[in-house]
There are 2 protein chains.
Amino acid sequence: MHTKFLPRPAVSLVTTSRSPQAGAGSLPAGEPRLLHAEVVDRLRDRIVRGELAPETKLNERVLCQELGISRTPLREALKYLASEGLVQLLPNRGAVVAALEPGRIKQMFVVMGALEALAGELACANASDADIAEIRAMHYQMVAHYARGELADYFRYNQLIHMKLVESGGNGVLAQSYRSLNAHVKRARYMANLSKERWDKAVEEHEAILDALVKRDSTRLKALLQDHLGNKMVVVMEALAGNEPGKP
Amino acid sequence: MHTKFLPRPAVSLVTTSRSPQAGAGSLPAGEPRLLHAEVVDRLRDRIVRGELAPETKLNERVLCQELGISRTPLREALKYLASEGLVQLLPNRGAVVAALEPGRIKQMFVVMGALEALAGELACANASDADIAEIRAMHYQMVAHYARGELADYFRYNQLIHMKLVESGGNGVLAQSYRSLNAHVKRARYMANLSKERWDKAVEEHEAILDALVKRDSTRLKALLQDHLGNKMVVVMEALAGNEPGKP
DNA sequence: GGAAGAAATTTTGTATGCATAATACAGAAG
DNA sequence: CTTCTGTATTATGCATACAAAATTTCTTCC
């Protein structure tokens, strides 16, 4: 697998032009977006998508050139991502993309199970009818993509549904915790090749989940979510076991 | 309440002397401890203990002087703490200690409830006898401090017990998530004045919790932990409601 | 040829400098 | 006295400079 960075010609995030050498600012900017925050989002995205593979060394000079910024905001972003657990800081030796240890991912699934169960409970109790209608709409979108075999779009709606479900319980802390763990797990999922059978089953499970939510059947929803997540865990863990039997 | 910083004469964290102007390093240092990491720990501690009160403005120049470092590692530390949610970054306006919104704290208790329930389950299943013996020992220490009316020490052992219980389930991700939420909640608890009755009851609850753990009665332990946490929530929420009826 | 060690290079950690945004302050107008 | 406006001050965001550590490269010796 490639670990080399693409020689992108430093498209540069700098738009607000606060830098000493820069010439002219432009956008009126309703809300100032700081560089480190932008970099956090970009790097997190690249890590989650697997473009920055686990254990990739993050060379500051290279990243700075790619992003068209100086080391200061980059290093701030790395600290932020380290706190999220997506980056590991090695004192005096820089930063690397966090490893994807199967044991740790499994632990994350267990915790996410507890969070999703709680989320299901809260959603049944607190979700508005509009929330549920939105989830139903996303569900049908997802099923449509499934029918057409469009995996990427299926995944996207799948994620949207799970996030919306978690959010509609009205507990922002829960949503935040879930999102954070989910980012880690998503990294692993990019390796997992969904089998046709598993895909079929996952859609079935989603049908049942939607049904339980509509009926606000908390007990059943919790059980279904647990089951769904458990199955997903199996798939991901298998993929993970297959993709790194021995680290070279 | 004081929000002003103490004029500490810059005791300086700099020991490794990598700075341009610094004179001499000293400690052989088995493992290099970086400045930003040190600052993260210090600031987090001050925030959790309430020495840096909620919504306190964090002036970089002042903190730099207090810590005896330059702005670079300080700002890195602030980014890290922002990711933990203990600090809020205001673009172009610096950083403030995160507010203690009762609604949010309540949400945290709900999530911690789910995590503790899981922790209880895992502890019953996975804790070694040595783990349980350690918890028991800490429990008796705690009770001794309770008997002597030593609140601070009681709290310390209380925390140790809860953390050990969470850790002995063997799920590091769970422990990490719990620790993070706990830091936030601890901030609130520093305001809560435990009544004698509540204290008595809390110790009773702990007796029952220990008993359930020793017997590895997962179902009962979960229920007891939920109850215990729920009671603690009531106390904290009352204190929080009392201490900020109107923000000046 | 390979191991060991020294010098050169790169990389990281921290401090500092500079430009812009934000705030405090002063004075004028109402 | 309050409110507005323009200016001085301060604070923040980013870039850069420099020193120590780590890594690589080049010798040297066996």
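Side chains are part of it too, since the values below use all heavy atoms of this structure and drop only hydrogens, waters and symmetry mates. As the structure is a prediction and not an experimental result, all values here were calculated from the model. Throughout, a chain's letter reflects where its sequence line sits, starting with A, and its residues are numbered from 1.
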Would a 4.5 Å heavy-atom cut-off, applied to side chains only, mark H36(B) and L89(A) as touching?
yes

What contact category does R61(B) fall into here, base, sugar-phosphate, or nothing, at under 4.0 angstrom with non-hydrogen atoms?
sugar-phosphate

Could you tell me whether R179(A) atom CZ has more than 12 heavy atoms of other residues or ligands within 6.0 Å of it?
yes

With nearest nucleotides of DNA chain D determined for P73(A) and G94(B) from heavy-atom distances, which residue corresponds to the more 5′ nucleotide?
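The answer here is G94(B).
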
Check whether any side-chain N or O of [X] sits under 4.0 Å from OP1 or OP2 of [N], and answer yes or no.
X      : N       : answer
R93(A) : dT23(D) : yes
K57(B) : dT12(D) : yes
S70(A) : dA15(D) : yes

Calculate the interatomic distance between [X] atom [atom1] and [N] atom [atom2]; express it in whole Å.
X      : N       : atom1 : atom2 : answer
N59(A) : dT9(C)  : CG    : P     : 18 Å
R71(A) : dT11(C) : CZ    : P     : 10 Å
L90(B) : dT23(C) : CG    : C1'   : 14 Å
L78(B) : dA11(D) : CG    : P     : 15 Å
R33(B) : dG13(C) : CZ    : C1'   : 15 Å
L89(A) : dT14(C) : CG    : P     : 11 Å
H36(B) : dT12(C) : NE2   : P     : 13 Å
E60(B) : dC14(D) : CD    : C1'   : 12 Å

Applying the side-chain hydrogen bond (donor to acceptor under 3.5 Å, both in side chains) test to N182(A), which of Q159(A), R187(A), E116(A) qualifies?
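It is Q159(A); the other options fail the test.
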
Determine yes or no for a side-chain-to-main-chain donor-acceptor pair under 3.5 angstrom, with S177(A) supplying the side chain and V173(A) the backbone.
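Checking the backbone N and O of V173(A) against the side chain of S177(A), a donor-acceptor pair under 3.5 Å is found.
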
Winner on side-chain proximity to R75(A), out of dA21(C), dT16(D), dG13(C), is dG13(C)

E66(A)/R42(A) salt bridge by N-O under 4.0 Å criterion
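Salt bridge between R42(A) and E66(A), a charged N being under 4.0 Å from a carboxylate O: no.
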
